[in-house]
Amino acid sequence: MSVLVYIEQAEGKIKKTSLEAVSFASALAAKTGEGEVIAVALGSVDQVELASVGKAGATKVLHASDSRLDAGVIQAHATAVAQAFEKTGSKTVVLAKSSLGDAVAARLAIKVNAGLVSNVVELPNTDSGYIVKRSIYTGKAFAETSLTTANKILAIKKNAIDLKIDGADAAVESLEVNVPDSDFGSKITATERATGEVLLPEADIVVSGGRGMKGPENWGMIEDLAKTLGAATGCSKPVSDIGWRPHHEHVGQTGVKVAPSLYVAIGISGAIQHLAGVNSSKCIVVINKDPEAPFFKAADYGIVGDAFEVVPKLNEALKAEL
């Protein structure tokens, strides 16, 4: 018996969130005695990249190299993972919660008759049954869900699990899957990817600006701080609506929801719609000259001051330390 982990990749690179899922699966297998952790990767991925998944806790990686799977067609991925599930004799599938992961998990649950819990934040409690803790209401509360099915699927919330990469390389084996042409009935004809050194959905640190930046000509200050921290840049909804920044940088309830280790909000008042997109962050730092800004109530650290004075000084201090 084993725990199967569905791995997501982008342009041949394994996503950090998938490595977090592997680390979670490794801890789960140790707790429940489910044996080894086997990862399944689909599409064109380099063998060295696949082997590196072992560092996060997998002993083996099954690779279905069919190039048709590169695009992330949901039904085809669900079929391939279901076949891997059956071949490995697994009872549990672990994957990262994401737009692709959510869609694949839902279809996979039907195919393998599994109970599904999404937004999982910690290992299940198996003292009496199988109780899974998950985040709800955009991170404002938690729910405990009891899984009673023999087969189980757990979708792990980003940054909720500590990523451990102290293991050895995994063995990589070819996986033959039979995905019917009908599963490719829908096609992804084009993909517009966000640009930048660090992409917002994957970022461990995010620096965002709001209308307090006064105009797009001042955004260099945000970008300089982000570069120093190795962070992605984001913005509030009003900033993207008026065209100061592209819409793919909009962080909030109707934009990109992030859960970084550090979220720095500069000149953002903290409307509830914005907070809904960031309140899963491990640490929130707010810089705003208005001491009554709502964002301070959600902040772990706050600086009341003019961003045009505070941010350059903060950036220089960080450069000296880093």
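Position 1 is the first residue of the sequence; numbering continues from there.
Within the 4.5 Å cutoff, the side chain of V104 has heavy atoms near those of the L100 side chain. Within the 4.5 Å cutoff, side-chain heavy atoms of V81 are placed close to those of L4. The shortest distance between side-chain heavy atoms of L42 and H63 does not fall below 4.5 Å. Counting heavy atoms from C-beta outward, I153 and L108 have side chains that approach closer than 4.5 Å. Side-chain contact between V5 and L95 is absent, with no heavy atoms from C-beta onward closer than 4.5 Å. Annotation: side chain of K133 is not in contact with side chain of V120 (no heavy-atom distance under 4.5 Å). With contacts defined as side-chain heavy-atom distances shorter than 4.5 Å, the pair V286/I303 does not qualify. K152 places none of its side-chain heavy atoms less than 4.5 Å from the side chain of V93.
Under a 4.0 Å N-O distance rule, the pair D166/K55 does not qualify as a salt bridge. In this structure, D66 pairs ionically with R68, as a charged nitrogen and a carboxylate oxygen lie closer than 4.0 Å. One finds a salt bridge joining E223 and R245 here, because a Lys/Arg side-chain nitrogen approaches an Asp/Glu carboxylate oxygen to under 4.0 Å.
In this structure, the separation between OG on S208 and CD1 on I287 is 11.5 Å, given to the nearest 0.5 Å. For the atom pair CG of L28 and CG of L123, the computed distance is 6.0 Å after rounding to the nearest 0.5 Å. Note that CZ of F308 and NZ of K214 are 5.0 Å apart. Values are rounded to the nearest 0.5 Å. Within the model, atoms CG of L275 and NZ of K297 stand 10.5 Å from one another, a figure rounded to the nearest 0.5 Å. Atom CG of residue D162 and atom OG of residue S23 lie 8.5 Å apart, to the nearest 0.5 angstrom. With rounding to the nearest 0.5 angstrom, the CG atom of L19 is 14.5 Å from the NZ atom of K164.
Enclosure of atom NZ in K13 is not indicated, since only 12 or fewer non-hydrogen atoms of other residues, nucleotides or ligands lie within 6.0 angstrom. Within 6.0 Å of CD in E176 there are 12 or fewer heavy atoms belonging to other residues, nucleotides or ligands. Atom OH of Y301 has 12 or fewer heavy atoms from other residues, nucleotides or ligands within 6.0 Å. More than 12 heavy atoms of other residues, nucleotides or ligands shown are found within 6.0 angstrom of CG on L318. Counting heavy-atom neighbours within 6.0 Å of K31 NZ, excluding the residue itself, gives a total above 12. The 12-atom threshold is exceeded at CD1 of I136, counting heavy atoms of other residues, nucleotides or ligands nearer than 6.0 Å.
A continuous path of hydrophobic side-chain contacts links I161 to V94 [ILVMFWY only; heavy atoms under 4.5 Å]. The cluster map of Ile, Leu, Val, Met, Phe, Trp and Tyr, joined by side-chain heavy atoms under 4.5 Å apart, puts F24 and I165 in the same cluster. Hydrophobic clustering (ILVMFWY, side-chain heavy atoms < 4.5 Å, transitive): L229 and I266 are in one cluster. In terms of hydrophobic clustering, with Ile, Leu, Val, Met, Phe, Trp and Tyr side chains grouped at heavy-atom distances under 4.5 Å, I7 and V40 are assigned to different clusters. Under a hydrophobic-cluster definition in which Ile, Leu, Val, Met, Phe, Trp and Tyr are linked whenever side-chain heavy atoms come within less than 4.5 Å, directly or via other members, F296 and V278 are assigned to the same cluster.
Under the 3.5 Å distance criterion, with hydrogens and angles disregarded, no donor-acceptor pair is assigned to the side chains of Y130 and T148. Between the side chains of T233 and E249, at least one donor N or O lies within less than 3.5 Å of an accepting N or O. Donor-acceptor pairing under 3.5 Å is recorded for the side chains of S98 and E8. Side-chain contact, K237 with T254: no donor N or O sits under 3.5 Å from an acceptor N or O. Counting only N and O atoms by type, the side chains of K157 and S135 include a donor and acceptor under 3.5 Å apart.
Taking the six-membered ring for Trp and thresholds of 30 and 60 degrees, Y263 and H274 have ring planes inclined between 30 and 60 degrees apart.
Contacts of N279 classified as side chain to side chain donor-acceptor pair (under 3.5 Å), with partners at least two apart in sequence or in another chain: none. With sequence neighbours excluded, no residue satisfies side chain to side chain donor-acceptor pair (under 3.5 Å) with Q9. In this structure, S26 has no side chain to side chain donor-acceptor pair (under 3.5 Å) partners at least two apart in sequence or on a different chain. Remark: R134 engages no residue in a salt bridge (Lys or Arg N to Asp or Glu O under 4.0 Å) (not counting sequence neighbours). Legend: residues meeting side chain to side chain contact (heavy atoms under 4.5 Å, CB included) with K289, ordered by chain and number and at least two apart, are absent. Looking at residues two or more places apart in sequence or on another chain, you find no salt bridge (Lys or Arg N to Asp or Glu O under 4.0 Å) involving D224. For E20, the salt bridge (Lys or Arg N to Asp or Glu O under 4.0 Å) partners at least two apart in sequence or on another chain are K16. Residues passing the ring-ring contact (aromatic ring centres under 6.0 Å, His included) test with Y6 are H77, sequence neighbours excluded. Under the salt bridge (Lys or Arg N to Asp or Glu O under 4.0 Å) criterion, D290 pairs with no residue, sequence neighbours left out. Applying the side chain to side chain donor-acceptor pair (under 3.5 Å) test to D70 and every residue at least two apart in sequence or in another chain returns S44.
Connectivity analysis of hydrophobic side chains (ILVMFWY, heavy atoms under 4.5 Å, direct or indirect) links V48 to nothing; its cluster partners are none. Here I131 sits alone; no ILVMFWY side chain lies under 4.5 Å from its own, so it joins no hydrophobic cluster.
Side-chain N or O atoms of N218 include one that pairs as donor or acceptor with a backbone N or O of M213 at under 3.5 Å. Not a single donor-acceptor pair under 3.5 Å links the side chain of N288 to the backbone N or O of A293. With hydrogens and angles ignored, the 3.5 Å screen pairs a side-chain donor or acceptor of N151 with a backbone N or O of V112.
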